[in-house]
A.B. asks: 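Input: one structure, supplied below.
None of these values were measured; they are calculated from a predicted model. For this chain, numbers begin at 1 and follow the sequence in order. Both backbone and side-chain heavy atoms feed into the values below; hydrogens, waters and symmetry mates do not.
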Amino acid sequence: MELTKNSKILIVGLGFIGGSYAMSLSKKGYYIGSISKNKKDISYALENHLIESGTTRVSKKYVSQFDIIIFCLYPKVFLDWISKYHRYIKDNAIVTDVCGVKEEIVYKAEKILLPRLNYVSSHPMAGKEVYGVKNADNSVLKNANFIITPTSKSNKDAVDIISNLASEIGFGKISCLSVRKHDEMIAFLSQLTHCIAISLMTCKKSHKLKDYTGDSFRDLTRIANINEKMWSELFIMNKSFLVNEIDIFTSELIKLKETILNEDISQMQNMMK
């Protein structure tokens, strides 16, 4: 089991991340196929040489030819897809996903997928406030962080191949975390920051704010422009860790508020430092 230029790679879900993966890997000379429910996305990817083949129909004949399958789907859609079609995947194929939460996904996927398959979950720490394959941009993946979340059932060779694949795509720091540690870290590093950005955008009503906005507000709220369907799903799936991080952040914000009320400049400056 190894990653070679003869390895055929299937991307299921041809949105921004799926399209960006396809762009990187196609440029490296890999055969990339794709399954997407949107025929226009397949046509665009074919016309722009992001993929070599694509279909909107899931069939055993098509799926079974691939050595590596990357699922770029919403978490629940990913579980639903493999529940229906996992028997179409060839023996010893490597299966991975890009889901932003793991504890609610990985163990369920391991129970669904047949033992003859090699499942290794992963998470690209990269993105943009745009959607769809037409906005695919592999430059956002270059030197970005990449997290692999193996379990006790993970095949070591398969983990190595996912790591090598991430390097081929252009990711920089590649780390391995437990499923639980991933979700704890992601609650703070990604989900909390999105919660803060959303809250900033909803706490004050004014049609004129854009006329007065500076860089600080723009930088803090850039990521509030998110896919509400996907992110609400991620928040709920990781709610125990996320709510805890919100509580810690709220406590720190109240502490800062009290230093302002009490004109405690020394404590305020300590926090700033």
A.B. asks: Between H86 and S83, what is the shortest heavy-atom contact and its length?
C.D. replies: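 Scanning both residues completely, I find the closest heavy atoms to be ND1-O, 3.7 Å.
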A.B. asks: Can you run down the salt bridge (charged side-chain N to carboxylate O under 4.0 Å, His left out) pairs that involve residues 233-250, sequence neighbours left out, and say none if there aren't any?
C.D. replies: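 Passing the test, one end in residues 233-250: no pairs.
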A.B. asks: Mind listing the closest non-hydrogen atom pair of S154 and V159 along with its distance?
C.D. replies: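 Minimum heavy-atom separation between S154 and V159: CB-CG2, 4.0 Å.
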A.B. asks: Between the main-chain N or O of I186 and the side-chain N or O of S190, is there a donor-acceptor pair closer than 3.5 Å?
C.D. replies: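 Answer holds: no.
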A.B. asks: Which pairs count as ring pair (Phe, Tyr, Trp, His ring centres under 6.0 Å) when at least one residue sits in residues 134-169, sequence neighbours excluded?
C.D. replies: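 Sorted pair list: F146-F171.
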A.B. asks: Which atom pair, heavy atoms only, marks the closest approach of L14 to A45?
C.D. replies: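 The answer is CD2-CB, 3.6 Å.
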A.B. asks: Pairing donors with acceptors under 3.5 angstrom, does anything connect the side chains of Q65 and K8?
C.D. replies: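 Short answer, yes.
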A.B. asks: Does a donor on one side chain and an acceptor on the other come within less than 3.5 Å for N6 and Y30?
C.D. replies: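 On atom types as modelled, these side chains do not qualify, holding no pair under 3.5 Å.
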A.B. asks: What do you reckon, is CZ of F188 surrounded by more than 12 foreign heavy atoms closer than 6.0 Å?
C.D. replies: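 At most 12 heavy atoms, drawn from other residues, nucleotides or ligands, come within 6.0 Å of this atom.
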A.B. asks: Can you confirm whether more than 12 heavy atoms, excluding those of R218, are under 6.0 Å from its CZ atom?
C.D. replies: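 Count over threshold, so yes.
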A.B. asks: Do we see a donor-acceptor contact under 3.5 Å between the side chains of T151 and Y119?
C.D. replies: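 Y119 and T151 do not have a side-chain donor-acceptor pair below 3.5 Å.
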A.B. asks: Looking at CD1 of I11 and CE of M23, how far apart are the two atoms once the value is rounded to the nearest 0.5 Å?
C.D. replies: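 Interatomic distance, I11 CD1 to M23 CE, rounded to 0.5 Å: 11.0 Å.
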A.B. asks: Name all residues meeting the ring-ring contact (aromatic ring centres under 6.0 Å, His included) criterion together with Y21; count only those two or more places apart in sequence or in a different chain, and write none if there are none.
C.D. replies: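 If we apply the ring-ring contact (aromatic ring centres under 6.0 Å, His included) test to Y21, skipping adjacent residues, there are no hits.
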A.B. asks: Quick one: ring-ring contact (aromatic ring centres under 6.0 Å, His included) partners of H194, sequence neighbours excluded?
C.D. replies: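 Applying ring-ring contact (aromatic ring centres under 6.0 Å, His included) to H194 gives W231.
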A.B. asks: Would you check if the side chain of T96 reaches a backbone N or O of V120 as a donor-acceptor pair within less than 3.5 Å?
C.D. replies: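 It does hold such a pair.
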A.B. asks: Kindly give the heavy-atom pair with the smallest separation between T149 and S178, and that separation in Å.
C.D. replies: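 Scanning both residues, the minimum pair turns out to be CG2-O, 4.3 Å.
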A.B. asks: What side-chain donor-acceptor pairs closer than 3.5 Å can you find for residues 265-273, not counting sequence neighbours?
C.D. replies:
from: N270; atom 1: ND2; to: S266; atom 2: O; distance (Å): 3.4

A.B. asks: Are the side chain of K5 and the backbone N or O of K28 linked by a donor-acceptor pair below 3.5 Å?
C.D. replies: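 At least one qualifying donor-acceptor pair exists.
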A.B. asks: Applying salt bridge (Lys or Arg N to Asp or Glu O under 4.0 Å), name anything that partners K108, two or more places apart in sequence or on another chain.
C.D. replies: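 By the salt bridge (Lys or Arg N to Asp or Glu O under 4.0 Å) rule, K108 matches E104.
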A.B. asks: Residues in ring-ring contact (aromatic ring centres under 6.0 Å, His included) with F78, at least two apart?
C.D. replies: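 Counting only residues at least two positions away or on another chain, F78 forms a ring-ring contact (aromatic ring centres under 6.0 Å, His included) with F71.
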A.B. asks: Under a 4.0 Å threshold between the charged nitrogen and the carboxylate oxygen, would E184 count as salt-bridged to K181?
C.D. replies: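 Yes, K181 and E184 are salt-bridged.
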A.B. asks: When you measure from the side chain of N244 to the backbone of S240, do you find a donor-acceptor pair of N or O atoms at a distance under 3.5 Å?
C.D. replies: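 Between the backbone of S240 and the side chain of N244 there is no qualifying donor-acceptor contact (under 3.5 Å).
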A.B. asks: Under the salt bridge (Lys or Arg N to Asp or Glu O under 4.0 Å) rule, collect the residues that match up with E110, sequence neighbours excluded.
C.D. replies: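 Applying salt bridge (Lys or Arg N to Asp or Glu O under 4.0 Å) to E110 gives none.
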A.B. asks: Looking at residues at least two apart in the chain, or sitting in another chain, which of them share a salt bridge (Lys or Arg N to Asp or Glu O under 4.0 Å) with R116?
C.D. replies: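 So R116 forms a salt bridge (Lys or Arg N to Asp or Glu O under 4.0 Å) with D91.
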A.B. asks: Would you say the side-chain atoms of K102 and S121 include a donor-acceptor pair closer than 3.5 Å?
C.D. replies: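 Yes, a side-chain donor-acceptor pair sits under 3.5 Å.
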A.B. asks: Tell me every residue that passes ring-ring contact (aromatic ring centres under 6.0 Å, His included) with Y62, counting only those two or more places apart in sequence or in another chain.
C.D. replies: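 With neighbours one apart ignored, the set is F66.
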A.B. asks: Sequence neighbours excluded, which residues qualify as salt bridge (Lys or Arg N to Asp or Glu O under 4.0 Å) partners of K84?
C.D. replies: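 K84 satisfies salt bridge (Lys or Arg N to Asp or Glu O under 4.0 Å) with D80 once adjacent residues are dropped.
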A.B. asks: Which residue pairs pass the side-chain hydrogen bond (donor to acceptor under 3.5 Å, both in side chains) test when at least one of the two sits in residues 34-45, sequence neighbours left out?
C.D. replies: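 Qualifying pairs: none.
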